[in-house]
Amino acid sequence: LTVAQYQAAAQDLLGAVQVPADLPADSPLHGYSSVGSSEVTIAPRDLELYEGAALELAGQVFTDAKARLALVGCDPAAPPGGDDCARAFLERFAARAYRRPLTGAGTDDDEALPLLALSRSVGAALGSPWEGLRYAVAAVLQSPHFLFRVELGEDDPNLPGRRCYSAHEMASRLSFLLTGGPPDDELRDAAERGALTETGPLAAQAERLLAAPTARAAVSAFFGEYLNLSRLATLSKDRALFPQVTPPLLAAMSREVLRDVEDVVFTRRADVRELWTGDRTYVNAGLAALYGLPPPDKPEADGFAAVTLPAQSRRGGLLRTAAQLALNANATATAPPH
């Protein structure tokens with residue numbers, strides 16, 4: 001998980017917790033933090049940070065009597081049935097954290113058994129079943145099944161010898177891409193029914209997730225990485241040749257691209273190819289001056305307004321935005337072919 005994905009997953013599991021700020025930093029690879037997270041090895045120090053975060057998060061919930069009862073749903077200290085309460089909670093919590101059903105139910109390989117054993121032993125040692133569950137929750141948050149988006153696939157019934165993503169793996173891939181966080185209840189239910197292995201139901205879930213409040217930030221983050229927009233903040237240009245390139249203008253260049261993405265994907269729900277061919281964009285006063293346009297007469301709260309670029313401007317589409325032209329040029333010369 002990236003830092004943002006870890007934060008979203010932890011809050012999905014535990015509610016309104018404060019996720020520690022000292023998580024291992026993302027290491028983007030090929031431009032993408034999620035690619036880096038899948039290939040970079042976790043160092044021993046990183047493991048310590050994940051352990052500390054797990055204990056901190058579990059502590060926030062289990063030191064609050066109201067919060068822990070809301071999370072567990074029953075009282076493990078109340079006889080009879082305290083052990084049944086603990087087991088039911090751990091099975092439910094671990095399955096949600098691992099983003100798939102637990103394996104080995106009813107056998108010696110039941111994934112819930114080590115968690116229940118840990119909860120019992122710690123609860124007995126500390127004299128509180130609540131403390132036992134606290135450390136079992138911390139163990140789940142340190143599991144590779146939580147920290148990694150495990151995708152092993154399953155045999156493809158239509159192509160012998162090949163593998164395909166399972167329904168739960170598809171649910172996880174879809175949700176993290178479109179919302180930046182783990183699958184919600186409806187998506188998990190669809191995976192349980194095996195409804196995500198066909199194109200129609202998968203597309204319907206994608207449409208639903210794009211309407212989620214977190215979708216705009218997730219889609220913007222993807223396009224920001226795809227187009228290397230973070231480089232604009234530190235872009236170096238010869239000030240004698242390009243005096244108009246200032247930090248506010250560079251920030252506006254990035255904002256223009258993301259507003260274009262939001263407009264096509266969320267506002268107008270247009271053909272995504274318009275991002276490369278359309279003549280509609282968003283400018284503030286600084287960008288308007290750069291493009292030879294009048295300043296917006298009715299800007300929105302962020303100072304931007306939608307404009308249709310005149311044909312004679314020879315602009316339009318992402319490749320001719322100031323952001324892409326600046327990013328792919330040199331410090332002392334423009335480079336349109338790049």
Side-chain angles (χ1 to χ4, degrees), residues 1-21 23-24 26 32-38 42 49-50 53-54 56-58 60-61 67 70-73 88-103 111-112 115 136-154 165-197 201-222 225:
L1 302 178
T2 66
V3 171
Q5 291 168 351
Y6 182 101
Q7 292 171 336
Q11 291 170 345
D12 176 71
L13 287 168
L14 300 172
V17 291
Q18 183 65 43
V19 178
L23 291 171
D26 293 332
Y32 298 91
S33 55
S34 58
V35 175
S37 294
S38 72
I42 292 181
L49 294 175
Y50 282 127
E56 166 65 21
L57 289 167
Q60 287 183 41
V61 175
L71 175 68
V72 176
F89 163 70
L90 289 173
E91 289 178 344
R92 184 175 67 253
F93 182 81
R96 191 180 186 105
Y98 300 166
R99 301 174 286 276
R100 58 163 175 78
L102 300 187
T103 60
E111 283 187 286
L115 296 172
V137 164
V140 169
L141 297 178
Q142 296 173 68
S143 168
H145 297 288
F146 169 72
L147 291 175
F148 288 85
R149 291 162 55 187
V150 181
E151 296 171 350
L152 302 179
E154 59 188 10
Y165 293 114
S166 70
H168 287 281
E169 290 167 347
M170 284 301 301
S172 182
R173 288 172 65 83
L174 192 67
S175 183
F176 278 109
L177 172 66
L178 297 182
T179 71
D184 61 11
D185 291 336
E186 184 172 339
L187 194 56
R188 281 192 295 270
D189 290 343
E192 285 289 337
R193 300 193 307 271
L196 299 181
T197 57
L202 191 62
Q205 288 294 333
E207 290 280 358
R208 183 182 68 82
L209 293 176
L210 280 172
T214 54
R216 285 179 180 258
V219 171
S220 292
F222 171 80
E225 289 189 325

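Heavy atoms only: backbone and side chains are in, while hydrogens, waters and symmetry mates are out.
- Applying the ring pair (Phe, Tyr, Trp, His ring centres under 6.0 Å) rule to Phe89 yields the partners Phe93; only residues at least two apart in sequence or on another chain are considered.
- Without hydrogens or angle criteria, Asp12 side chain to Asp184 main chain gives no donor-acceptor distance under 3.5 Å.
- At least one side-chain heavy atom of Leu57 sits less than 4.5 Å from a side-chain heavy atom of Pro20.
- Looking at every heavy atom in both residues, Glu111 comes nearest to Thr103 through OE1-N, 2.8 Å.
- Smallest separation of non-hydrogen atoms from Val19 and Gln11: CG2-NE2, 4.0 Å.
- Counted by atom type alone, Gln60 and Glu56 present one or more donor-acceptor pairs between their side chains at under 3.5 Å.
- Taking CZ of Arg216 as the reference point, atom CG of Leu210 lies at 10.5 Å (rounded to 0.5 Å).
- Residue Leu187 is tested with Pro182, Ser175, Ser172 for a side chain to side chain contact (heavy atoms under 4.5 Å, CB included); the sole match is Ser175.
- Put simply, the side chain of Glu151 never gets that close to the backbone of Tyr165: no donor and acceptor are under 3.5 Å apart.
- In this structure, Leu1 and Ser37 approach most closely via the heavy-atom pair O-OG, 4.0 Å.
- The number of heavy-atom neighbours closer than 6.0 Å to CD of Glu154, taken from other residues, nucleotides and ligands shown, is above 12.
- Across all their heavy atoms, Leu177 and Ala218 have their closest contact at O-CB, 3.9 Å.
- The shortest distance between side-chain heavy atoms of Arg188 and Asp185 falls below 4.5 Å.
- To the nearest 0.5 angstrom, Tyr6 atom OH is 6.5 Å from Leu147 atom CG.
- Within the 4.5 Å cutoff, the side chain of Leu13 has no heavy atoms near those of the Val140 side chain.
- Scanning all heavy atoms of the two residues, the minimum distance from Ala136 to Leu90 falls at CB-CD2, 3.7 Å.
- Applying the side-chain hydrogen bond (donor to acceptor under 3.5 Å, both in side chains) definition to pairs two or more places apart or across chains, those involving residues 139-150 are Arg100-His145.
- In this structure, Arg99 and Phe176 approach most closely via the heavy-atom pair CD-CE1, 3.7 Å.
- Not counting sequence neighbours, the partners of Glu91 by the salt bridge (Lys or Arg N to Asp or Glu O under 4.0 Å) test are Arg87.
- A donor-acceptor pair under 3.5 Å links the side-chain atoms of Glu225 to the main chain of Ser33, judged by distance alone.
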